[in-house]
Participant: 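Okay, here's the structure, questions in a sec.
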Number of protein chains: 2
Amino acid sequence: MRIPTILRVRWPLRQPRPPRPAGRRRPTGGGPLSSQRPTLADVAAAAGVSVSTASLAFSGAGPIAAATRQRVLDAATALDYAGPNPLGRQLRRGRSGIVGVVVGDALRRSFRDPVSVQVLDGLVGTLGALDLGVLLIPNSCDAGAPAVDPLLESAAMDVAVLLWGGTTDAEVLGALRRRGVPTVLVEGSRTADVPVVGIDDRGGMARLARHLTDLGHRRISVVTLPFSRERHEGLVDEADRHEPAWVITGRRLAGVLDAGVVPHSVWETPASLVEHGAVAGRALLTAPEPPTAILCQSDLLASGVVLAARELGLRVPQDVSVAGFDGLDLPWLAPDVLTSVVQPLAEKGAAAGHAVEALLAGEQPANVELPVTLRIGTTTGPAPA
Amino acid sequence: MRIPTILRVRWPLRQPRPPRPAGRRRPTGGGPLSSQRPTLADVAAAAGVSVSTASLAFSGAGPIAAATRQRVLDAATALDYAGPNPLGRQLRRGRSGIVGVVVGDALRRSFRDPVSVQVLDGLVGTLGALDLGVLLIPNSCDAGAPAVDPLLESAAMDVAVLLWGGTTDAEVLGALRRRGVPTVLVEGSRTADVPVVGIDDRGGMARLARHLTDLGHRRISVVTLPFSRERHEGLVDEADRHEPAWVITGRRLAGVLDAGVVPHSVWETPASLVEHGAVAGRALLTAPEPPTAILCQSDLLASGVVLAARELGLRVPQDVSVAGFDGLDLPWLAPDVLTSVVQPLAEKGAAAGHAVEALLAGEQPANVELPVTLRIGTTTGPAPA
DNA sequence: GTGAAAGCGCTAACAG
DNA sequence: CTGTTAGCGCTTTCAC
């Protein structure tokens with residue numbers, strides 16, 4: 001008999017049952033009389049089969065007569081059994097089906113950046129097809145952040161993906177290794193002994209820089225992503241330009257140098273956000289000897305610079321050229337299209353997903369470096385005479 | 001003796017051990033000789049205490065002598081034991097420590113919207129403090145979407161939070177109820193018998209509409225969020241304006257009517273994105289008899305309308321007033337500030353988090369309706385003569 | 001094709 | 001304060 005929903009506990013939390021009356025389970029026959037949810041054993045009993053057979057009926061992983069299977073499924077419906085308890089399954093299988101995704105910054109900041117979002121989207125899509133769930137693990141990269149997140153230490157996960165690693169890799173990777181959780185790094189240091197998925201930052205930036213020198217620019221300033229957890233905002237002294245703690249920042253800066261460009265000035269931002277780009281733009285363009293071109297390490301920063309330029313009454317690209325990195329669609333810049341290095345964001349997430357798959361299969365995935373392409377938009381032009 | 005890392009399997013996946021040689025565990029003493037990770041029993045044995053004592057040493061949930069505790073911890077370090085296996089703990093406790101967050105749309109689309117991101121941020125912050133992790137469950141709201149996500153059916157979670165429910169609530173809520181997973185709805189229909197966290201959409205929109213009529217506007221058009229999973233883009237016939245499947249759309253539309261405003265025209269967008277707002281703006285402002293004010297159901301849509309107006313050479317607010325809803329910071333509109341209804345996004349997430357907490361404590365949380373405030377910016381002004 | 005048995009790794013009574 | 005005991009709910013050999 002089906003017990004009317006209204007009579008059952010509204011939201012029965014799955015809690016350990018109180019010790020059973022007398023060693024044995026409740027007498028067979030008769031549905032769940034307590035507010036407890038039924039188990040596979042209950043269903044098996046109701047269907048008159050063994051637990052192992054009932055298990056097969058749900059997993060389909062083994063030979064079972066269609067009729068038996070149906071009998072089990074019917075019993076399940078009658079008992080309001082919604083399928084095997086994932087906790088039992090997970091313990092038995094030794095796998096949680098969970099991939100921990102460490103987002104390298106406060107969510108609020110990370111997800112304001114379409115770059116992270118698109119990568120995450122590609123990742124979730126790939127993992128979803130493998131029946132893997134994504135557990136969000138925030139990991140503040142700010143200075144004075146409170147060590148690693150507790151989730152990292154104790155949440156169930158089969159694999160971890162570290163997004164935008166760079167400055168805090170050491171602690172996070174250490175915790176994961178200690179736990180024996182295989183890890184994929186997205187855009188981290190390639191020297192770590194974990195598989196890394198990344199793009200050709202350096203080559204892309206070099207091509208972009210060359211594009212500007214080809215246009216005759218000689219006074220080129222660079223607006224960078226954060227150098228370190230300190231997240232300074234402002235000009236970077238020549239002495240401090242080497243070896244930013246954040247890997248991407250370093251690689252994209254190196255690309256500029258590869259093209260033979262010695263930056264007119266370098267401006268560090270605390271985060272890849274439009275407003276920080278605007279601040280940078282205002283500062284650089286109102287300096288005594290302003291640059292004729294500004295090379296930004298992200299599109300969001302670049303669009304801030306473009307807005308600042310417009311605000312100052314400067315024409316882009318006639319008075320100043322601006323270029324970014326990422327290849328985002330920036331509707332609010334319309335009708336302008338930002339000159340940028342386009343990186344395949346969703347593919348990056350998908351590649352990370354495939355690395356996860358390989359790790360789960362016990363393989364050691366190779367590092368991946370995805371290619372980037374140069375997109376010449378309307379925001380760069382010949383250097384003003 | 002500590003076994004050098006290099007000699008151990010690089011990334012030992014936690015897999016069910018092969019059946020032990022002879023009923024008993026491997027002989028006590030001597031570290032883990034196989035590539036298997038040590039268990040609490042191993043640590044207990046090494047420390048010369050019982051498993052339960054060892055458990056206490058880690059959980060701290062019970063009386064234990066400091067010396068014993070230290071001995072256990074030392075043994076753990078020696079064995080490279082990183083703490084209790086979450087899978088075992090979860091099964092035993094009957095709790096996973098996981099909150100499933102169903103994002104009511106493709107991630108890519110959802111997270112391009114700062115609104116979702118800020119709510120999620122508030123939620124994650126609150127749940128993190130409770131030692132709960134967030135499992136992302138994508139739930140495409142598009143027409144012809146592939147039923148409910150498998151994760152919803154079978155992932156381990158103690159509670160679920162449904163973000164932006166509205167059109168697909170029925171299936172999702174049904175699946176969750178069947179599984180006995182308590183659920184919190186953010187911005188869903190208040191008729192569901194689950195706790196709902198929301199804002200005063202309707203009242204806020206009414207105030208905004210009144211602000212416009214006070215300024216003398218009589219031809220007011222409305223740009224709306226999607227009406228249904230079909231996600232049309234274009235004008236909505238008068239006959240079709242009632243009862244959108246999406247609850248928020250309906251409530252915000254009702255607010256306009258509450259203020260006594262009969263929309264000059266209503267334009268439906270497929271998603272809350274700048275580009276859709278721009279499309280709407282172009283269409284409405286180039287129509288034969290354009291509105292003097294455009295009321296948008298989100299700030300992203302409103303900013304698209306502002307951009308379209310500027311593009312058409314119209315001055316905002318002299319030629320046309322534009323208002324939004326959400327109260328976002330939109331740096332690219334600077335120096336303009338959008339007139340908008342400000343909703344407390346992070347608080348909304350936090351409120352959802354508290355509802356989760358209550359549910360886990362076995363309580364039935366009350367519905368929450370957070371207040372909104374009107375922000376008069378620079379994008380609305382007197383109706384043109 | 002089906003059933004019996006053996007745990008996965010852990011925690012929480014309860015007894016000492 | 002510590003040890004004993006009894007499972008949480010499930011999957012997976014292995015016999016039959």
Side-chain angles (χ1 to χ4, degrees), chain A residues 13-26 32 36-45 47-72 81-97 154 156 180, chain B residues 13-25 32 36-45 47-69 71-72 81-97 154 156 180:
Chain A
L13 281 179
R14 204 168 289 170
Q15 283 162 346
R17 312 185 180 204
R20 293 278 167 41
R24 289 200 61 69
R25 301 185 56 89
R26 84 178 79 87
Q36 296 296 344
R37 301 194 62 77
T39 71
L40 194 55
D42 296 322
V43 175
V49 299
S50 71
V51 239
S52 49
T53 303
S55 175
L56 257 38
F58 285 100
S59 69
I64 184 173
T68 316
R69 192 181 129 83
Q70 194 52 54
R71 204 142 40 86
V72 173
Y81 179 77
N85 179 335
L87 265 27
R89 178 207 294 265
Q90 286 174 16
L91 176 58
R92 176 60 233 231
R93 298 230 258 230
R95 292 239 173 143
S96 61
S154 59
Chain B
L13 282 179
R14 205 168 290 169
Q15 283 162 345
R17 310 184 180 206
R20 291 277 169 41
R24 289 199 60 70
R25 301 185 56 86
Q36 295 297 345
R37 300 195 63 79
T39 72
L40 194 54
D42 296 323
V43 175
V49 298
S50 73
V51 242
S52 54
T53 303
S55 176
L56 257 38
F58 285 99
S59 70
I64 184 173
T68 316
R69 192 180 128 84
R71 203 141 42 87
V72 173
Y81 179 76
N85 179 336
L87 264 27
R89 177 207 295 263
Q90 286 173 15
L91 176 58
R92 175 61 231 231
R93 298 231 259 230
R95 292 235 174 148
S96 61
S154 59

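Quick note: numbers below take in every heavy atom, side chains included, and nothing from hydrogens, waters or symmetry partners. In what follows, chains are A, B, ... by sequence order, proteins preceding strands, each numbered from 1.
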Participant: Measure from CZ on A:Arg95 to P on D:dT11 and round the result to the nearest Å.
Facilitator: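 Taking atom P of D:dT11 as the reference, CZ of A:Arg95 is at 15 Å.
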Participant: To the nearest Å, how far apart are B:Leu91 CG and D:dC8 P?
Facilitator: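 Distance, rounded to whole Å: 9 Å.
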Participant: Given atom CG of B:Leu40 and atom C1' of D:dC8, what is their separation to the nearest angstrom?
Facilitator: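 Between C1' of D:dC8 and CG of B:Leu40: 16 Å.
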Participant: Mind checking what makes side-chain hydrogen bond (donor to acceptor under 3.5 Å, both in side chains) contact with B:Ser96, not counting sequence neighbours?
Facilitator: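 Partners of B:Ser96 by the side-chain hydrogen bond (donor to acceptor under 3.5 Å, both in side chains) criterion, ordered by chain and then number, come out as B:Asp158.
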Participant: With B:Ser154, which residues qualify under side-chain hydrogen bond (donor to acceptor under 3.5 Å, both in side chains), at least two apart?
Facilitator: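 Partners of B:Ser154 by the side-chain hydrogen bond (donor to acceptor under 3.5 Å, both in side chains) criterion come out as none, since no residue qualifies.
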Participant: Please check if the number of heavy atoms outside B:Arg69 that lie under 6.0 Å from its CZ is greater than 12.
Facilitator: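 No, CZ of B:Arg69 has 12 or fewer neighbouring heavy atoms, counting only those of other groups under 6.0 Å.
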Participant: Give me the atom names and distance for the closest heavy-atom approach of B:Gly180 to A:Arg37.
Facilitator: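 Closest approach of B:Gly180 to A:Arg37, heavy atoms only: CA-NH1, 3.4 Å.
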Participant: Output the rounded distance in Å from CZ (B:Phe58) to P (C:dA12).
Facilitator: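 Those two atoms, CZ and P, are 15 Å apart.
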Participant: Quick one: A:Arg89 CZ to C:dG9 P, roughly how many Å, whole number?
Facilitator: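 Rounded to the whole Å, the gap is 18 Å.
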Participant: To check you understand the geometry: which heavy-atom pair defines the closest contact between B:Arg71 and B:Gly48, and what is its length?
Facilitator: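 B:Arg71 and B:Gly48 have their closest heavy atoms at NH1-O, 4.3 Å.
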Participant: Compare every heavy atom of A:Thr68 with every heavy atom of A:Val49, then report the nearest pair and how far apart it is.
Facilitator: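 Smallest interatomic distance, heavy atoms only, reads CG1-CG2, 3.9 Å.
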Participant: Please produce a list of atom pairs where a protein N or O lies less than 3.5 Å from an N or O of nucleotides 1-5 of chain C.
Facilitator:
unit_1 : atom_1 : unit_2  : atom_2 : d
C:dT2  : OP1    : A:Thr68 : OG1    : 2.5
C:dT2  : OP2    : A:Ala65 : N      : 2.8
C:dT2  : OP2    : A:Thr68 : OG1    : 3.3
C:dG3  : OP2    : A:Ser50 : N      : 2.9
C:dG3  : OP2    : A:Ser50 : OG     : 3.4
C:dG3  : OP2    : A:Thr53 : OG1    : 2.8
C:dG3  : N7     : A:Ser52 : OG     : 3.2
C:dA4  : N6     : A:Ser52 : OG     : 3.2

Participant: In this structure, how many angstroms lie between the P atom of D:dG7 and the CG atom of B:Leu87, rounded?
Facilitator: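 These atoms are roughly 22 Å apart.
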Participant: Listed by chain and number, what are the side-chain hydrogen bond (donor to acceptor under 3.5 Å, both in side chains) partners of A:Thr53, not counting sequence neighbours?
Facilitator: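 side-chain hydrogen bond (donor to acceptor under 3.5 Å, both in side chains) list for A:Thr53, sorted by chain: A:Ser50.
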Participant: Restricting to non-hydrogen atoms, name the atom on A:Gln90 and the atom on B:Ala156 that form the minimum distance, rounded to 0.1 Å.
Facilitator: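 What the structure gives for the nearest pair is NE2-CB, 3.6 Å.
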Participant: For the helix from C:dG1-D:dC16 to C:dG16-D:dC1, what angle separates the axis at the start from the axis at the finish, each from five pairs, in steps of 10°?
Facilitator: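 Between the axes fitted at each end of the helix from C:dG1-D:dC16 to C:dG16-D:dC1 lies an angle of 30°.
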Participant: Between D:dT12, D:dC8, C:dC10, which one does the side chain of A:Arg93 approach most closely?
Facilitator: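 Closest nucleotide among those given: D:dT12.
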Participant: On the nucleotide C:dC10, are OP1 or OP2 found under 4.0 Å from the side-chain N or O atoms that B:Tyr81 carries?
Facilitator: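 Looking at the OP1 and OP2 atoms of C:dC10, one of them is under 4.0 Å from a side-chain N or O of B:Tyr81.
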Participant: Taking only residues two or more places apart in sequence or in another chain, which ones pass side chain to side chain contact (heavy atoms under 4.5 Å, CB included) with A:Leu40?
Facilitator: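 Here the qualifying residues are A:Val51, A:Ala54, A:Ser55, A:Phe58, A:Tyr81.
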Participant: Starting from C1' on D:dC8, measure out to CZ on B:Arg92 and report it in whole angstrom.
Facilitator: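 It is 6 Å, rounded to the nearest whole Å.
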Participant: Measure the distance from CD on A:Gln90 to P on D:dC10 and round it to the nearest whole Å.
Facilitator: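 Atom CD in A:Gln90 sits about 12 Å away from atom P in D:dC10.
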